[in-house]
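Read the structure below first, then the notes.
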Amino acid sequence: MTFRPLHDRVLVKRVEEESTTKGGIIIPDTAKEKPQEGEVVAVGGGAIKDDGSVRPLDLKVGDRILFGKWSGTEVTLGGDELLIMKESDILGVMG
């Protein structure tokens, strides 16, 4: 299945956290918080400005990003759990 976000929306796949601490303690799934880091899977065409022109997004497929704890809408596409969020919900790109 293909999915293309519209306008200033981005499709993100969460990056899973380590399940063991540096000290070797295993963290059960019930105690883990959902990661706030992800990889951009698809981007929309751009934000539509007041004058009708389109501003391209600053993100591209493959970018590793940080986003807010409550950002985005969770969806399941092709068996994968993904997030759809606006570009403004993204805090930054990791280099």
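These numbers come from the heavy atoms of this one structure, side chains and all, not from hydrogens, waters or symmetry mates.
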Next on the checklist: As a quick check of understanding, evaluate side-chain contact (heavy atoms from CB on, under 4.5 Å) for Leu59 and Ile90, giving each step before the final call.
Outcome noted: CA-CA 10 Å; Leu59 300 165; Ile90 296 170; 3.2 Å; yes

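- Open room surrounds CG on Asp50; 12 or fewer heavy atoms of other groups in view lie less than 6.0 Å from it.
- Asp63 places no side-chain N or O within donor-acceptor distance of the main-chain N or O of Ile65, the cut-off being under 3.5 Å.
- Residues Lys86 and Val10 form no side-chain contact, since every pair of their non-hydrogen atoms from C-beta on lies 4.5 Å or further apart.
- Using a 4.5 Å heavy-atom cutoff, the side chains of Glu87 and Arg55 are in contact.
- Looking at every heavy atom in both residues, Val12 comes nearest to Phe67 through CG1-CE2, 4.0 Å.
- Side-chain atoms of Lys60 and Val43, non-hydrogen and from C-beta on, never get closer than 4.5 Å to each other.
- Phe3 is not listed as a side-chain neighbour of Val41, based on a closest heavy-atom distance of 4.5 Å or more.
- Here the closest non-hydrogen pair linking Pro5 and Leu11 is CG-N, 3.9 Å.
- The shortest non-hydrogen separation linking Ser71 to Leu83 is O-CD2, 4.1 Å.
- Gln36 is listed as a side-chain neighbour of Lys69, based on a closest heavy-atom distance under 4.5 Å.
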Next on the checklist: Walk me through whether Arg14 and Glu37 qualify under side-chain contact (heavy atoms from CB on, under 4.5 Å).
Outcome noted: CA-CA 6 Å; Arg14 287 185 196 268; Glu37 186 177 326; over 6 Å; no

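- A distance of 10.0 Å separates CD of Glu74 from CG of Leu82, quoted to the nearest 0.5 Å.
- Between Leu57 and Arg9, the closest heavy-atom pair is CD1-O, 4.0 Å.
- Two residues are said to be in side-chain contact when any heavy atoms from C-beta on lie closer than 4.5 Å; Met94 and Leu66 meet this criterion.
- Here the CG-OG1 distance, from Asp89 to Thr73, works out to 8.5 Å after rounding to the nearest 0.5 Å.
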